[in-house]
Amino acid sequence: MIKFFLMVNKQGQTRLSKYYENVDISKRAALEADVVKGCLSRRKDECSFVEYKDYKLVYRQYAALYIVVGVTDTENELSIYELVHNFIEVLDKYFSRVSELDIMFNLDKVHIILDEMILNGHVVETNKNRILAPLLVLDKMVES
Amino acid sequence: MSDVVERTLTALPGLLSLDLQTGAGKLSSTSKLGNLIRSITELTSKHDEEKLIKRELAAIKEQVSSPNTTMRQMKETMVRSIYCEMLGYEADFTYIHAIKLAQQGSVLEKRVGYLAVSLFLNENHELLLLLVNTVLKDLQSTNLIEVCMALTVVSQIFPRDMIPAILPLVEEKLNHPKEIIRRKAVQALHKFYLIAPNQVQHIHSKFRKALCDKDPGVMAASLHIYLQMIKESADSYRDLAGSFVTILKQVVGGKLPVDYNYHSVPAPWVQIQLLRILALLGKDDQSTSELMYDVLDESIRRAEINHNITYAILFECVKTIYTIHPKEELLEKAAKCIGNFVLSPKINLKYLGLKALTYVVQQDANLALQHQMTIIECLDHSDIIIKRETLELLFRITNAQNVTVIVEKMLDFLRLCHEDYAIIDLVAKVAELAEKYAPDNRWFIETMSTIFTVGGELMQPDIPSNFLRLLAEGSDSVEDDRLLRTYAVDSYVSLLQTNPTKLPQRFLQVISWVLGEYSHLVDDLSPCLVIDLLVRLLERPAVASDTRSWVMTAVGKLSTGAGGGTGAGGGTAEGGAGLVQRVSQQHSSSLDTQLRQQALELQLLSQDPELHTRVLPRGAVWGSLEVDSSLSFLDGFVSEALARGAAPYKPPHQRQEELRQEKALSLEPYALSLPISLSSCSIADRQSPTLLSISSGLSGNSTELPHRAGSGSLKLEGVKRVWGKDGYLPQREVPEGPSILQEASAPAPQTFPQQGGALTPPSADPSEEDRDKQQLASSLFVGLSSHNSTCLMGKPEAPVPQRFRRKHKNTDSASASSSSDSSHSPHDAANHFLYSSLLEEGPASPIMLAQNSLAPPKRTEANGTHTRGDTPVLPTANGVAEVGDQEAPPSLTMANEEAPSPGVGRHRDPPLLMGGMKLVQPCPPHPAPRASTQSSAEGADPPQLPELPPEPDHLPPELRNLPHSDMAPLASDQSLSLSCCRVHREDALVLVLQMSNACGAALLDVSVELQCHELKVASLRGNALESLPAQSVRVCWYTLLMEAPHTHVMVTGSVSYREESGPSHALEISSKLSLADFLRPLVLSTEEYGKLWLSLSQDVKQNLTLLDPDGDPLCSSLSVLKDKLQLHVVDIIGSEGIVACKLLQGAPCLLHCRVHAGALAVWLRSPVPGLPDCLLYHLQRALQER
């Protein structure tokens, strides 16, 4: 079960955050700071999974951007680790070579993509074409 | 930073052209969103950020409130608000506009509106209700993309109460030709299942259809629902195992479209999901497991590509293989996989390997042996996560032989660890191991001391409580206990002598208690010295006030030993007494009232040695101390107070509910009341009334507060019980006396002998370092192989000699009592320690005795658990208290049958007042030709037929016009017959008891006692008569109030009388009343109903059988319910009906009934927790009886 999905840059600034469990907005900043501290301080040769309170963090770095996913202890960490990569591949496909700025300028679309993949903390779709289908239709409707 | 910005800016034009290419947005760098993003990337400090966002929020506020803002601008504004919220600044004023955008925007704008709603609002947000109409409209839209987004938002966030409004539409979508719509409909149903499972119960067959859908996406979506349902009850879905296996086979065999592949692995996440389902289905079921062996084997075989995702699948396979019924061949393969993981140079795989090993080691300890060298390497790994996972693994393989080494490793880790959560977790584990496997006293005490020091204020409060309980209750061997206690005292004295400043408060509390209780066991320890040490603690400012009161209590216990007249302290007596005097004087003017009170008590006690020995007896036997948790000794007091007109007690949650009800539509109480009612529930449900009894009974006692504070928080944290069931059960092997201790401690822990045939590590080159490791290995993995491959943890640890055992209960009221004991929350025990002696002096006993006379004498055996072992077994007042329990009716029937009272009526069951009785409605008052007064009743009650129901006309005139039941016989003997009738007064149930004298002589001193613990019984009339003339009839009546809902309650009582010259007799009566007797119609308008409905929180749903399915089922069902249960039918609209009732004058209960799929779907709401459930029970019965 996924608890939250974060994208942060190396400076620790949040670029995207999605919570699958209600966390009060006042507590999010503290949690994100904690999480970032826990992940960014780790060396490359260390394990990509970190313990955080009663759940685990799975993180993966893409250039200056970190993706951190909070999961319950029963979750298969490696499958989440690969899910993150799948997500990036989808973004890459949509934006053709995604950058941090793409994500910032299209925050709404990145969210729409994420919503197709993860729902209520469960992985619901991993087929890239199907993930992008609704968004592409939307784009087409806007164009016409 | 600045060059980052520069690069950012140069990247912008390219990025924009990209946007245009994909046709995304028409973002220009000059747009407001563009500006915001640019400013965000340029931020250098938190302060700047705050300034920027504040400014942005102000701009957004202005824009959203302007009527000229177009939907397109609104969409952009929403994204800006999302940014603000993402950075932690609340933008709640935009929430309503998000909903508006979803409602009015065109496609992309609408989608962003929905997105903002799902990001901004939580499940319970009231604005969510405003979304319902929009969703409803979009679900019916002809534009598929709108349907799609409505389904998406529904499966993310939707008000639970409004599910019925859209459910039919969503169900309809399951048959939609487009796969994406079907898939999203399944996802929405999954959401519904998660938040309101009973609302989708009727569509289970449709889930099966989704599982078999030709589209893999729809099938995959349905797996989530199945995983959830199977988690809840695997048995109901075992028949589907074959289908899941077939699906997995197809997926693994690459039958899915290629775009489901991820790095050439077919639909890996679907595979993982299926494997999880199979694990649940195959668990503890051999035949189901057998279906899976093939496909599991194939999964392993196919997972050959060297990619992370294959390993993720393999990990899931391993877990499944070890969860289901074992198959040798597969286990071997799984073990090999684990080996590959553990030995992998990739750190992530190593982690996964350790995790898998931790999971399987319970079944196969040998696997840990195979990898022991790797495990040891991991133990010293530079990555703390790997270390932590290794400790987790070691924790699972701990036994009596390797415990010292493993605990040492865990403590090493703890000393370096700074993460609160890890500390709490590990400390609890070490404590568990220490209690289970401690090799000797010294080790145990020292380990616990380290735990207390490291765990400090973080650890779960039950750890010190359990430790104290262990010390206090002792084992079966007196000598063992003495040694352990003495050792503890010695060790704590020297701790206090060296450096007590660093000790955490909890540890100081433990120390004070132990010293106060046991320092007299150490011969050459002068009480003066101990008192002196303790008193010095009091002088330290760092010592918290609750710790001070522990210290004071300890000083109090020690004060006799230190002189004060008993002379036990010998030469040092004066010094000690002087010290005590000084302390008590010093603190008798303390500002801390609690401390002051204790000081005064101490002063008194130290001057009166006799009182001291009575209040604080030395070496009292804890086991003999019992606490009357039902507080029955207060019953007398309570009923007196009630009789004087005091308001009845309401539990906190009820008060809370009532408060909430008064506030009606207040916006806050939901969030607020939940934790409060939770905590109060936990207090009420578990044994903790003890706690309350202490606080109410001995409110003057000053020592109670520290513990209360501690225990309040304790309950909420989901306390882990450290003591396994073995620690409590009396059937453990018979101890062999004091020798056990020496025997067990003989294998000196530090030498690591290779006992138990421990595997010697694989012979590697015995270099110096390796030898160290091997030695460590042999000490870590000792004893594992002797257990062979049978499960290590699963087995109830029979062969492991348990170090510290509880003593057998001397009252041995069977295992029932001891097991219930184990569920006592730890603070109970601690309270025992603290108050034991005081309680013995408590006001309890006299009241108990007084009540005894009332209690039916037969119930003594049930009281075993409550009676104090050292007092002669009395039929305590608990008998009275427990009458309210479920077991009461049978025992009372027995009383009816066997009671010595002559000629008791022959009702086998407690005369059911509810069964088959219809209520006589307030028809025009009977002409009552025969008699309406008591004097003329003789004819109505012929003496030869005492059981015949007497005429109802004996009802007092003021009751006669109210709805009432017939008179029903209750009990009778030769001279007296009793019958009763229920009258439904608006504010109460009036129970009219009719006594008719059937014999020829007057009966004297007739008195009626009636009681019921669930009800408030009051307003007596005529319950004591000096005489009941021959052949005459009298009535007495009681009003009964039900405050907390119950489906049924038993009213019991007795009527005693004396024959003119003969002995006195008593007739036992009991009758069962149903909730229906306490329901009254609640008359309100549809509009009021709607308002009330929204304000109610307790919610229950159920499908009931429908009557008269051919005619007008709703009307006929409702009218039956209306007649039987006195409900008020507010309105019937089409296939739906709304009905209301209330519990007497109190809590309302609203019903929403809908005819659906041949059943009556009832949805009940009330402010009172139990009421919907109780009412539902009667609804069911009422409909079934027809």
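Below, chain A is the first sequence line, B the second, and so on; all start at residue 1.
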**Study point:** A:Y81 versus chain B, the contacting section by heavy-atom distance below 4.5 Å
**Key:** side chain
Check your understanding: Which of parallel (below 30°), tilted (30 to 60°) and perpendicular (above 60°) describes A:H85 and B:Y262?
Key -> perpendicular
Check your understanding: Closest heavy-atom contact between A:F49 and B:Y351?
Key -> CD1-CD2, 3.2 Å
**Study point:** Top of B:I82, B:L119, B:V79 for chain A proximity - count of heavy-atom pairs under 4.5 angstrom
**Key:** B:L119
Review point. Regarding B:H263 and A:E89, is there a side-chain donor-to-acceptor distance under 3.5 Å anywhere?
Key: yes
Check your understanding: Hey, are B:D383 and A:R42 close enough for a salt bridge, meaning a charged N less than 4.0 Å from a carboxylate O?
Key -> yes
Review point. At their closest point, which heavy atom of A:E51 faces which heavy atom of B:E419, and how far apart are they?
Key: O-OE1, 3.7 Å
Review point. Please, which pairs that meet salt bridge (charged side-chain N to carboxylate O under 4.0 Å, His left out) have at least one residue in residues 311-320 of chain B, sequence neighbours excluded?
Key: B:R276-B:E316
**Study point:** Pairs of heavy atoms under 4.5 Å with chain A: top-ranked of B:K350, B:R183, B:M78
**Key:** B:R183
Check your understanding: With A:E82, which of B:V265, B:I313, B:I309 fulfils side chain to side chain contact (heavy atoms under 4.5 Å, CB included)?
Key -> B:I309
Review point. With a 4.5 angstrom heavy-atom cut-off, which part of A:K56 approaches chain B: side chain, backbone, both or neither?
Key: side chain
Point to revise | Selection from B:R111, B:K184, B:Q187, B:E85 maximising heavy-atom pairs under 4.5 Å formed with chain A | key: B:R111
Check your understanding: Which pair of non-hydrogen atoms, one from B:I272 and one from A:S79, has the smallest distance, and what is that distance?
Key -> CD1-CB, 3.5 Å
Review point. Should A:V50 and B:I385 count as side-chain neighbours, where that means a heavy-atom distance under 4.5 Å?
Key: yes
Practice item. Find the one option among B:N308, B:N122, B:V107 whose heavy-atom pairs under 4.5 Å with chain A are most numerous. Key: B:N308
**Study point:** Cationic N near anionic O, under 4.0 Å, B:E90 to A:R28
**Key:** no
Check your understanding: So, for A:P134 and B:I145, which heavy atoms are closest and what is the spacing to 0.1 Å?
Key -> O-CD1, 3.7 Å
Check your understanding: What is the minimum heavy-atom distance between B:I40 and A:Q13, and which atoms define it?
Key -> O-NE2, 4.1 Å
Point to revise | Pairwise side-chain contact, B:K191 with A:N120, heavy-atom cut-off 4.5 Å (strictly under) | key: yes
Point to revise | Nearest atoms (heavy-atom pairs only) where A:S17 meets B:M86 | key: OG-CG, 3.6 Å
